[in-house]
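Worksheet: one structure, shown below.
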2 protein chains.
Amino acid sequence: MSLPHAILTALLEKPSSGLELTRRFDRSIGYFWSATHQQIYRELGKLEEARLIRALPSSQPARGRRKEYEVLPAGRSELAGWVGRTEDPKPIRDALLLRMRAAAVVGTEGLDAELRRHLDLHRRQLAEYEDIEKRHFPPERDAAEDRLRHVVLRGGIELERFWIGWLTEALGELERLPPAPR
Amino acid sequence: MSLPHAILTALLEKPSSGLELTRRFDRSIGYFWSATHQQIYRELGKLEEARLIRALPSSQPARGRRKEYEVLPAGRSELAGWVGRTEDPKPIRDALLLRMRAAAVVGTEGLDAELRRHLDLHRRQLAEYEDIEKRHFPPERDAAEDRLRHVVLRGGIELERFWIGWLTEALGELERLPPAPR
DNA sequence: CCTTGCATGTAACGCGTTACATGATTCA
DNA sequence: TGAATCATGTAACGCGTTACATGCAAGG
């Protein structure tokens, strides 16, 4: 439901080719909505057919030839409409929480190592976000669009902090458990 | 990747029919891994074929006739192995964060109402979790498996608190913005 | 030339979602 | 007996994922 809107947003921020988009989805936008290059090409095709974007005339179509896209007015309207649309939050779907629950039934073997690994990954991600915050949102700057983007980034930061806190708590609980549960 | 494991966990906690599972996925397990009855029936079929579960002999197969399943030893092993398996955390995929980012480009119209709606939904969910915590995990109880399940629930609680905090912050930011951005 | 990297694409599969269909059971 | 409910199932579609295929361009 949201990939086309992610692409429209990215293209409005800066007209790009498919591969450029893919790279940007590995960084900024992709921190909150990831996508592979196959998904992106497929979706670009649909968006073009729906006349929400168009290929820049400079780039004539040919396989292997770079193709730049820009958003058409209809695409901008669609995105503006989506921003305020009613859409329920998706229920949580997290494999780690589920594994923890499974561990309560079949035992915790190997789980502690996996939790530690995740803890480390989330710490790295947090460090990366904090680094971006320092570089892109220094206290003195204060433009309006920047403030919205900053709130988004802070969301990512607080989510990572949540995971770090929860994983630490869970590891503590695991250690306090009898050695061979069940 | 995880639905079969969610089902195995649920069936180990209590052998059930497809519809019973569906109901339980609307409550406990489903708080962390939701599934519709179609997914569940499809998956039950696969698990049975793979000999990880079996239908209880009492319930002879017939459309419309209740069919109870239980986990076979192979199913329990599979689940125990999965608990400690290496599996990277999925990157965040959240439409609200994305919409916020889109709003920075095309304007925030309608977004504040939607954020308030989500804030309300998350407050309700938090209240429900806290209620479950009071009923299922009173301070005096302290069994080992219970502690793991309690950690899972606390994860859900802290996640809801994260959303409530972030949405509050985001709403504050929206109000502080010029009335007709961009 | 030929390899390497860039860039766009195809194909196939599985899970998640929505809509609908069918068979049993209960009770008015 | 017929409506409501319980229970299991089919069909179709779209997104996400993985593997692979094809075309162009630059440097050795």
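What you are looking at is a predicted structure, and each value in this text was computed from that prediction instead of being measured. Below, each value reflects all heavy atoms present in this structure, side chains not excepted, and no hydrogens, waters or symmetry copies.
At whole-Å resolution of the value, CD in B:E68 and P in D:dA7 are 10 Å apart. We find that CG of B:L3 is positioned 11 Å from C1' of C:dG14, with the value rounded to whole Å. Computed from coordinates, the A:Y69 OH to C:dA7 P distance equals 14 Å when rounded to whole Å. Here D:dC6 presents its P atom at 14 Å from CG of B:D26, a figure rounded to the nearest Å. Rounding to whole angstrom units, CG of residue B:L21 and P of D:dA7 are separated by 12 Å. Residue A:E43 contributes atom CD, which lies 16 Å from atom P of C:dT8 at whole-angstrom precision. When rounded to the nearest whole Å, the span between CD of B:E48 and C1' of D:dT8 equals 13 Å. Rounded to an integer number of Å, the gap from B:K67 NZ to C:dA24 P is 13 Å.
A:R99 forms a cation-pi arrangement with B:W82, by the criterion of a distance under 6.0 Å to the ring centre and an angle within 45° of the ring axis.
Ring geometry for B:W166 versus B:W163: interplanar angle over 60°, hence perpendicular rather than tilted (30 to 60°). Classification of the B:Y129-B:Y31 ring pair by plane angle, with boundaries at 30° and 60°, yields perpendicular.
B:K46 comes within contact range of the sugar-phosphate backbone alone, with a heavy-atom separation under 4.0 Å but no base atom that close.
Ionic pairing of B:K46 and B:E49 is not present here: no N-O contact between side-chain nitrogen and carboxylate oxygen is shorter than 4.0 angstrom. Between B:R149 and B:E13 there is a salt bridge, since at least one side-chain N of the basic residue sits less than 4.0 Å from a carboxylate O of the acidic one.
Distances shorter than 4.0 Å separate none of the side-chain N or O atoms of B:K90 from OP1 or OP2 on D:dG16. Within the structure, a side-chain polar atom (N or O) of B:R23 is placed less than 4.0 Å from OP1 or OP2 of D:dA7.
No donor-acceptor distance shorter than 3.5 angstrom exists from the side chain of B:T22 to the backbone of B:E20, with no hydrogens or angles considered.
A heavy atom closer than 4.0 Å to some atom of DNA chain D occurs in B:H37, B:Q38, B:Y41, these being the qualifying members of residues 33-42 of chain B.
Other residues, nucleotides and ligands contribute at most 12 non-hydrogen atoms within 6.0 Å of the CD atom of A:E109.
Comparing B:R93 and B:S17, the nucleotide of DNA chain D nearest to each residue sits closer to the 5' end for B:S17.
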